[in-house]
Q: 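This is the structure, below, for whatever I ask next.
In each ligand, atom 1 is the first atom listed, and ligand 1 is the first ligand listed.
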Amino acid sequence: MTTRTTGDPSAGPPARAGETGGEEARKVLLASPRSLCAGVERAIETVERVLADRGAPVYVRKQIVHNVHVVDDLRRRGAVFVEELDEVPPGATVVFSAHGVSPAVREQAAARELRVIDATCPLVTKVHVEARRFAARGDTVVLIGHAGHEEVEGTMGEAPERTVLVQTPAEAAALEVEDPGRVSYLTQTTLAVDETAEVVEALRARFPALTGPGSDDICYATTNRQRAVSEVAADADLVLVIGSANSSNSVRLVELARRRGVAAHLIDDVGDIRPEWLRDARAVGVSAGASAPHHLVEEVVAFLRELGPIQVTEHRHTIETVRFAAPKEVRTP
Ligand code: SF4
């Protein structure tokens with residue numbers, strides 16, 4: 001991990017001369033990486049491009065990414081978010097969200113003659129491909145994930161008759177399958193790395209011939225944000241994670257900080273910060289989930305600066321360089 005004082009755009013301006021004199025400055029520890037991942041940037045950009053090319057309204061199935069600010073902003077610009085495709089007029093354009101959809105949803109879109117633009121994150125698509133491959137060779141596919149999450153619904157839909165959802169080590173240990181010699185597992189992309197390892201361990205203990213994906217399904221962005229927040233939590237009295245309540249990777253960051261023994265809270269924005277959280281917090285860690293825009297971090301730092309002197313430090317776990325090409329329907333030539 002490298003540490004430097006300010007410099008990052010989301011750190012806001014450096015502490016002013018005198019800010020750290022007199023009253024002891026509160027430390028603000030910025031976990032890095034934080035905020036938008038490549039899959040979320042691609043999904044938001046997809047809706048923006050469709051709006052620019054085809055004009056409003058643009059229908060989007062489910063929230064394009066799990067962040068209230070992103071959704072509200074796109075809605076103001078002409079996006080119409082629907083829960084299911086029967087709310088979309090026949091023949092209209094619909095964007096599928098970053099979390100992916102099941103084959104049944106694709107079939108429904110075709111039946112309604114909708115023009116589909118698929119903003120599913122390529123790393124979610126990778127898990128769908130694995131689900132099809134494992135199911136096709138006759139395995140029971142154990143999907144480790146959270147019931148009801150859109151990504152889980154989409155992945156399970158690839159082979160519903162061969163896939164079972166497991167959420168905890170206890171469920172893994174009690175699992176009954178058709179053929180214990182033919183079991184493979186996959187995971188949701190936004191799980192806690194340490195907790196998932198425990199579930200996989202319990203599965204392997206129960207099914208020694210267990211096979212898994214070629215490379216981790218928990219994505220690079222989830223892993224990096226967890227490592228960064230874990231490092232910051234070691235030096236913080238309080239950790240604030242910016243993200244919405246339905247953002248799986250954001251919620252995992254809060255839980256992880258708490259497991260490290262630090263008070264931690266999920267906030268949609270600066271308006272959610274309660275004064276009592278800050279009363280005894282001389283070092284405040286700040287992170288943001290993969291669907292939370294950078295400006296929300298800047299606003300939190302600015303708010304903390306208004307309360308008194310601060311010393312902002314960037315704690316860099318790694319630098320991310322991953323980028324995904326836009327869906328072909330919206331690519332500029
Ligand atoms: Fe893709 Fe990971 Fe971002 Fe989800 S969190 S959109 S899987 S890069």
Q: Between Asp194 and Arg259, does any NZ, NE, NH1 or NH2 come within less than 4.0 Å of an OD or OE carboxylate oxygen?
A: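 Answer for the salt bridge query: yes.
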Q: How far is atom 1 (Fe) of ligand 1 from the closest protein heavy atom, and which atom is that?
A: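 Checking every protein heavy atom, the shortest distance to atom 1 (Fe) of ligand 1 gives Cys121 SG, 2.3 Å.
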Q: Got a sec: is Cys219 within less than 2.8 Å of atom 2 (Fe) of ligand 1 via an N/O/S atom?
A: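 Yes, within the cut-off.
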Q: Can you confirm whether the side chains of Arg252 and Ser248 place a donor and an acceptor under 3.5 Å from each other?
A: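 A pair is found: one side chain offers a donor N or O, the other an acceptor, under 3.5 Å apart.
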Q: Could you tell me which atoms of ligand 1, counted from 1 in the order shown, lie closer than 4.0 angstrom to a heavy atom of Tyr220?
A: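 Near Tyr220, the atoms of ligand 1 are 8 (S).
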Q: State plainly whether the residues Arg77 and Asp73 are in salt-bridge range, i.e. N to O under 4.0 Å.
A: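 Looking at Asp73 together with Arg77, the answer is yes, because their closest N to O distance falls below 4.0 Å.
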Q: Which heavy atom of the protein is the closest neighbour of atom 7 (S) of ligand 1, given with residue, atom name and distance?
A: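 Nearest neighbour among protein heavy atoms for atom 7 (S) of ligand 1, to 0.1 Å: Thr189 OG1, 3.4 Å.
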Q: Would you mind telling me if ligand 1 is within reach of the side chain of Cys37, the backbone, both or neither, using heavy atoms under 4.0 Å?
A: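 Within the 4.0 Å criterion, Cys37 contacts ligand 1 through side-chain atoms alone.
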Q: If the threshold is 4.0 Å, N to carboxylate O, is there a salt bridge linking Arg260 and Glu231?
A: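 A salt bridge is absent here (no side-chain N lies under 4.0 Å from a carboxylate O).
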Q: I'd like to know if Lys62 and Glu151 make a salt bridge, using a cut-off of under 4.0 Å between side-chain N and carboxylate O.
A: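 Salt bridge flag = no for Glu151 with Lys62.
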